[in-house]
Amino acid sequence: MKRNVSMIVALMVALLALAPVVTAAVPNLMQYQGHLTDDSGAPLDTIIDMTFTIYDDSAGGTVWWNETQPSVVVTNGLFNVLLGSVNPISDSIFVDTPRWLGITIGSDPEISPRTRLVTVPYAYRVSTVDGASGGDIYGGVQIHSPLLVGDVEGEPGSIEVSNGWMSTVVVDGAGGTLRLGGGEETTPGKIEVTDGTEPIIIADGQTGQIGVGAIDEEAQFHVQTPDRPHAGSFKSGFPSSSAEVIRSEFVAPGEYNAAAIVGVSVPADGWGFGGRFQGGWTGVEGTVYSTGNSFYTGVFGYAWGGSGYNHGVYGYASGSGINYGVLGSVDDTSATVNYGVFGYTHSPSYGDGYAVYGYAPDVNYAGFFVGNVEVTDTLFAGLKLFKIDHPLDPENKYLIHACVESPDVMNVYSGNVTLDAKGEATVKLPDYFEALNRDFRYQLTCIGGFAPVYISQEISNNQFTIAGGELGMKISWQVTGIRKDPFAQANRIQVEVDKPAKERGKYLHPEAFGLGEEYGIHYELHKRIQEQLQEKSARKMEQR
């Protein structure tokens, strides 16, 4: 059966309610009345299901709300329902306009046309909001006179909030000012949060600067505190290796040695850390992704001035495992030269210089090398030894020999030769022998018998001749020469030298003379190193 419906009253009563005395919760309901007839226009008397739907268009469109009310009583064609009693109607449905109501009777198609929902006339304007209890405002709000909260006086275009005796919040629309917390008048275009006398937070709209405690004229954002241990604290819980709690970048193009982060702490001479970092794996990591052929430094340490002891880089490690005060490592097969650790010093006018200095008292090693060691100039040592696995018991013993000592820069050559039928033999030396050596000396030893062997012809054309023996006799020979190459001639050894004034009365090895360690040449230096280590260790413990 075809049914016709006409709306008698459609009244929205609770989606927006502002009344001076209403404090109870407002129901999200809308009353709807209609008149239902048959095809001939006769009013119906029946009980039937009705479905109500709110759309954003008169045809088609999006469904914003829907409910089916069962067993609606229709008497003499009239019915009355409360929309939202089955499925509550949210006020957010009416943020945008317009809206249409569609009605479906039983299993019939939706009645056409839909009914456009309109406002109650006096809902166009609310005279007062006294006693309003919460709610949301959608769209713009215009205030044409002062908005006053509390016992304050306001100018047109301003908002003021008072605590009863002073303005704690002032918004001056004409001057472009926001002030929180009282205090003096602020400059137009600023936001200030104060404690009543001094600004705590400042935002300057004219310069774009923000300051906490004060504004630094050279900084866009500045934090300053006189009485708290942390001027700023940043924390992140992002669970990723790509997390960066603080990121600072210098982005201006050009050739500048600008610092992305600078830390300065100089409370007194000899005190203060420019930066302190703690990591579970690495405390500080410095990285340069170099693309050219200039000089690049991952970590650079610089100490300058004063008459104390400067350390460009200081490394300290302590633990129950294996500790490295400083660890240098290079692993690049494409490089021309790799230096795990490179030390350089140039101080010809200021005393001794040590490119690398190792100090290890007792039985420790001041230096330990696994691999070849090359010294281009003079090597000084109290003893020069070789140490190898003992050839008879390599698993359990070492074999140690001392090197031959001589006041000359001497080369030694030796070998064995068998005499011919004439009791002679010619010994050929390396082709560089005479170019490298001078002042030759000879030693001959017969093996298996005795004969008056001698040098019948001295070294000439890098060979010499032995004579005076018998056929088949074996002779051991040794020849020494003093080096005469340009480097040796320019660096002749001065066997006996006077100690410089600062080392007189001191010893390289005072214990060998029955003297205490305070007589050692480097005693003062070692003492200073130990004191510095102890001081730094003590300061480190104070920080924990």
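No experiment lies behind these values; they were computed from the predicted model shown. Only heavy atoms go into these numbers, but all of them, side chains included; no hydrogens, no water, no symmetry mates.
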Look at atom [atom1] of [X] and say whether more than 12 heavy atoms of other residues, nucleotides or ligands are closer to it than 6.0 Å.
| X | atom1 | result |
| --- | --- | --- |
| Y519 | OH | no |
| R438 | CZ | yes |
| N364 | CG | yes |
| Q489 | CD | yes |
| F487 | CZ | yes |

If you round to the nearest 0.5 Å, how far is [atom2] of [Y] from [atom1] of [X]?
| X | Y | atom1 | atom2 | result |
| --- | --- | --- | --- | --- |
| L508 | F380 | CG | CZ | 10.5 Å |
| I89 | W64 | CD1 | CH2 | 14.0 Å |
| T345 | Y354 | OG1 | OH | 10.0 Å |
| F250 | N257 | CZ | CG | 10.0 Å |
| I322 | L327 | CD1 | CG | 11.5 Å |
| I493 | S406 | CD1 | OG | 7.5 Å |

Looking only at heavy atoms, what is the nearest atom pair of [X] and [Y], with distance?
| X | Y | answer |
| --- | --- | --- |
| N437 | K484 | O-CE, 3.3 Å |
| P267 | G272 | CD-CA, 3.8 Å |
| P510 | G516 | CB-O, 3.5 Å |
| A366 | G358 | CB-O, 3.3 Å |

For [Y], is there any backbone N or O sitting under 3.5 Å from a side-chain donor or acceptor partner on [X]?
| X | Y | result |
| --- | --- | --- |
| W65 | N87 | yes |
| Q224 | A214 | no |
| S240 | S242 | yes |
| T282 | V284 | no |
| K499 | G505 | no |
| K506 | E518 | yes |
| D408 | M410 | no |
| Q220 | I210 | no |

Check the pair V266 / V264 against side chain to side chain contact (heavy atoms under 4.5 Å, CB included), numbers first and verdict last. CA-CA 7 Å; V266 189; V264 178; 4.3 Å; yes

Hey, are the side chains of [X] and [Y] touching, using non-hydrogen atoms and a 4.5 Å cut-off?
| X | Y | answer |
| --- | --- | --- |
| K235 | V245 | no |
| F433 | D431 | no |
| I215 | H222 | no |
| E503 | Y507 | no |

Return all side-chain donor-acceptor pairs below 3.5 angstrom for residues 385-394, not counting sequence neighbours, or 'none' if the list is empty.
from	atom 1	to	atom 2	distance (Å)
H390	ND1	L392	N	3.0
D393	OD1	N396	ND2	3.0
D393	OD2	N396	ND2	3.4

With side-chain hydrogen bond (donor to acceptor under 3.5 Å, both in side chains) as the criterion, how do Y316 and N323 come out once you've worked through the C-alpha distance, each side chain's angles and the decisive distance to 0.1 Å? CA-CA 9 Å; Y316 175 81; N323 302 310; over 6 Å; no

Side chain to side chain contact (heavy atoms under 4.5 Å, CB included) between N411 and L436: does it pass, once the steps are laid out? CA-CA 9 Å; N411 290 321; L436 179 62; 3.4 Å; yes

Tell me the side chain to side chain donor-acceptor pair (under 3.5 Å) pairs involving residues 296-314, sequence neighbours left out? Y309-R528, H311-Q532

Pairs meeting criterion side chain to side chain donor-acceptor pair (under 3.5 Å) with involvement of residues 244-255, two or more places apart: E244-R247, R247-E249

Is there a side chain to side chain contact (heavy atoms under 4.5 Å, CB included) between I54 and I93 once you walk through the steps? CA-CA 9 Å; I54 295 178; I93 293 176; 4.3 Å; yes

Just do the side chain to side chain contact (heavy atoms under 4.5 Å, CB included) check on V212 and F221 with the steps written out, would you? CA-CA 8 Å; V212 179; F221 177 68; 4.3 Å; yes

